[in-house]
Amino acid sequence: MFEIAIIVANVLLSISLVLGFWRLYLGPTLPDRVVALELIASLTIGFIAVYVIASGRTPFIDVAMVLALTAFLAAVGFARYLEKGGHREDD
């Protein structure tokens, strides 16, 4: 039963990752693409979490935490960029 749950989780994360890349490709605006990148980073953290649960290798939790922090800082940087009058297609 545990292996089935791991497989289902990986399949669902994979489908979400494909949809995230599809949104990244289509856009159409810059904020849409940045949100898609945030989604992809979150899904990567999900993949790492599933791997840690399946394998029991806890050092990968540190990698997930660093990736989450990096994604958060990128989101804050992008928000500041838009606030300061950066490129926007919806103006």
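By convention here, the first residue in the shown sequence is residue 1. Predicted model, so just to flag it, every value in this text is computed and none were measured. Atoms considered below: every heavy atom in the structure, side chains included; atoms not considered: hydrogens, waters and symmetry mates.
Hydrophobic clustering, with ILVMFWY side chains joined whenever heavy atoms are under 4.5 angstrom apart, groups Leu43 together with Leu24. Side-chain heavy atoms closer than 4.5 Å link hydrophobic residues (I, L, V, M, F, W, Y) into clusters, and following such links, even through other members, never connects Ile48 to Phe2. Under a hydrophobic-cluster definition in which Ile, Leu, Val, Met, Phe, Trp and Tyr are linked whenever side-chain heavy atoms come within less than 4.5 Å, directly or via other members, Ile15 and Val18 are assigned to different clusters.
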Indicate every side-chain donor-acceptor pair of residues 58-73 with a distance under 3.5 Å to a residue at least two apart or in another chain.
| unit_1 | atom_1 | unit_2 | atom_2 | d |
| --- | --- | --- | --- | --- |
| Thr70 | OG1 | Val66 | O | 2.8 |

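The CG atom of Asp32 lies 3.0 Å from the OG1 atom of Thr29; values are rounded to the nearest 0.5 Å. A distance of 13.5 Å separates CZ in Phe21 from CG in Leu26, rounded to the nearest 0.5 Å. We find the CG-OG distance between Leu39 and Ser16 to be 7.0 Å, quoted to the nearest 0.5 Å.
Hydrophobic cluster of Ile4: the remaining members, joined at side-chain heavy-atom separations below 4.5 Å, are Val8, Leu12, listed by chain and number.
For the pair Ile40 and Thr44, the tightest heavy-atom approach, listed with the atom from each and the gap, is O-OG1, 2.8 Å.
Using modelled atom types, one side-chain atom of Arg33 and one backbone atom of Tyr25 make a donor-acceptor pair closer than 3.5 Å. Under the 3.5 Å distance criterion, the side-chain polar atoms of Arg57 are left unmatched by any main-chain donor or acceptor of Val52.
In this structure, the side chains of Leu37 and Phe78 stay at 4.5 Å or more apart for every pair of heavy atoms. Side-chain atoms of Tyr51 and Ile6, non-hydrogen and from C-beta on, never get closer than 4.5 Å to each other. For the pair Leu17 and Leu13, the minimum side-chain heavy-atom distance is 4.5 Å or more.
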